[in-house]
Amino acid sequence: ATTPILSNLHLMATNTIELMKIRNEQASSQDDETACEGALLESAERHKKGVVPEVGSVLKKRVSLVHGIGLVAGVIIGSGIFFTPSEIFKDTGSAGLSLVVWVAAGIISLGGALCYCELGASIPETGGEYVYLYRAYGPLPAFLLVWSTSLLTRPASQAIVSLAFARYLVQPFFSEGCNPSVLILKLVAIAGVLIIGMVNAASVKVAVYTQNILLFTKILALLAIVLMGVYWAVHNELQSLSEGFQGSKSSPSDIGLAFYNALWTYEGWNNLNYAAGEVKNPHRNIPLAAISGLLLVMVCYIVVNLALFAVLDKSEFTEAVANLVGKKVIGTAGVVLIPLFVATSCFGSANGSLFTSSRILFAAGRQGQLPSALGLIHKDFGTPLPAVVMQVSMCVLLISIGTLESLVEAFSFIAWIVYAFSFLSVYIIRYKEPKLQRPFQVWFWLPATMILVALFLIIVPLLKQPLYFLITLMFTPGIAVFYFIIQRHGKCTRLKQWNSEHRA
């Protein structure tokens, strides 16, 4: 099954070399220019059904404000809201303190999104953190981001959501007390990833429209839970909500873990920046879409938790809280409908995550830090097809070898390391590029506050589980690859040329 993929990659690499030769010949003479055009036409004719690079080919600006809001909210609202409320409730001990954590985590996420809005509006280029780290720190940190992102964080994020999608999708087909096997869950998750990959490979418009449609179904799912909570509150006695702050825990480690789970549920607030180069009117739409999308998610999360606390008592807060609410309020129908709603939500989150994460690989391929084939755009579809294929392949691999819990832990730890450096890059880019146009600028103290939050979320897991430090060892081979392959083959020169062109 891997042979066609390798053949396509070889074909793309060959076409890239042909294009580089063409550009060099174009610069030499008019006669050579004619020969180059003939070579390009010959190559296109030879591989007209393949992926052929075109001079000056770029991703078009197809993402509007509405699409941007849908992308932000759609990626954030995934499996987390249906799993983490029980964990947060256990860590806090009360409904009142749980709601405080949810609100505070939303505010923290909004602070991070505001910092990214300044970066995205002032540097509206596809690639997100990759672009910011390169301009702030240089090629090595940017390459290590791509290294960790392509090998772990982004594929792990999609694998987590895909496994949750599979768990809820197959649950209605099994009787109570009978759970599907791990093999079935993994096969269904892989099938979901492949479908999403085909959608994102076929069309940018189809991908974003799919995201908006699935966002609508997610909101319907959350609305169903809220309406069941309202119905229960009107006709029955309130459960955990009536107890307020009774039983609240005061341990810093417990509260820290509660924030860790809540912030993971808000994960995805930075995704629009990865597709900044495809956003229409980015100086206006990136801040508006990021802030609007996140505020929409905050309202949804808080209202859903109020509904959960109204229906369930303390003993009923298990992993499948949404299923319990459905079963308790509407009976057997809830056992079938709620899992399907949750599966749809997870599917939409995985779709948005793949759309944005493939753009990191695309940007790195264009700038020489990964194989140049990843920076190609399909001549017919107008999508970064090789980057999508690479991302899907890594996701399938992690689904095959990982578990939901281990992937969540690995993703969260690395993600907040990246966020800390990204928040710091706000100050560094302000210092290095004082004349850069900044249509949106955050308060001076906000990035510093977010850096402290990120450090807290990095240190707390290390204190609880020192083995987390081993995850950072994945950067070691990345450093070796950078110095012995990237620099040796002159890729950094291309990066400097690219950076100069975009700063001009």
Side-chain angles (χ1 to χ4, degrees), residues 1-16 50-51 53 75 126-128 130 143-166 182-183 185-204 206-207 210 271 274-275 346-347 349-366 369-378 381 383-404 406-407 410-411 414-415 474 477-478 481 485:
T2 58
T3 303
I5 297 176
L6 294 175
S7 299
N8 285 335
L9 289 177
H10 175 72
L11 172 64
M12 291 183 286
T14 302
N15 287 329
T16 302
V51 181
V75 171
T126 296
Y130 174 82
F143 175 75
L144 292 179
L145 167 70
V146 175
W147 181 264
S148 63
T149 297
S150 59
L151 294 182
L152 180 60
T153 55
R154 285 288 160 175
S157 175
Q158 291 158 36
I160 292 165
V161 179
S162 300
L163 287 169
F165 158 77
V182 175
L183 178 61
L185 292 177
K186 293 194 177 218
L187 289 175
V188 173
I190 290 173
V193 170
L194 294 177
I195 292 172
I196 293 170
M198 287 188 288
V199 169
N200 280 267
S203 170
V204 173
V206 171
T210 300
N271 274 267
Y274 294 123
C346 296
F347 190 83
S349 185
N351 175 71
S353 182
L354 177 61
F355 179 86
T356 54
S357 59
S358 61
R359 270 59 183 175
I360 299 179
L361 300 180
F362 170 81
R366 278 289 170 99
Q369 290 204 342
L370 284 180
S372 57
L374 294 175
L376 299 177
I377 300 172
H378 195 281
F381 299 152
T383 60
L385 179 59
V388 171
V389 171
M390 173 69 176
Q391 199 68 21
V392 168
S393 301
M394 291 303 303
C395 182
V396 169
L397 175 63
L398 290 180
I399 289 174
S400 303
I401 65 175
T403 65
L404 192 65
S406 63
L407 292 173
F411 168 81
I414 295 294
M474 67 175 295
V481 169
I485 298 179

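Nothing here was measured: the structure is a model prediction, and the numbers come from that model. Any value given below was found using the heavy atoms of this structure, including those in side chains, with hydrogens, waters and symmetry copies removed.
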[X] side, atom [atom1]; [Y] side, atom [atom2] - distance, nearest 0.5 Å:
X	Y	atom1	atom2	result
Leu163	Lys186	CG	NZ	6.5 Å
Thr153	Leu145	OG1	CG	7.0 Å
Leu376	Leu385	CG	CG	9.5 Å
Ile414	Ser157	CD1	OG	13.5 Å
Arg154	Met394	CZ	CE	14.5 Å
Leu354	Asn200	CG	CG	4.5 Å

Which atom names give the shortest non-hydrogen contact between [X] and [Y], and what distance separates them?
X	Y	result
Val161	Cys346	CG1-O, 2.9 Å
Ala166	Ala189	CB-N, 3.7 Å
Ser400	Ile190	OG-CD1, 3.9 Å
Ala159	Ile399	CB-CG1, 3.6 Å
Phe362	Ala387	N-CB, 3.9 Å
Gly197	Val388	O-CG1, 3.7 Å

So do the side chains of Leu397 and Ser393 get within less than 4.5 Å of each other, counting heavy atoms only?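 In short, these two side chains do not touch, never coming nearer than 4.5 Å.
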So Val392 and Leu194, side chain to side chain contact (heavy atoms under 4.5 Å, CB included) or not? Walk me through it. CA-CA 7 Å; Val392 168; Leu194 294 177; 3.9 Å; yes
Look only at the side chain of Thr383 and the backbone of Ala201, and say whether a donor-acceptor pair between them is shorter than 3.5 Å.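 The answer is yes, because a donor-acceptor pair under 3.5 Å joins these two groups.
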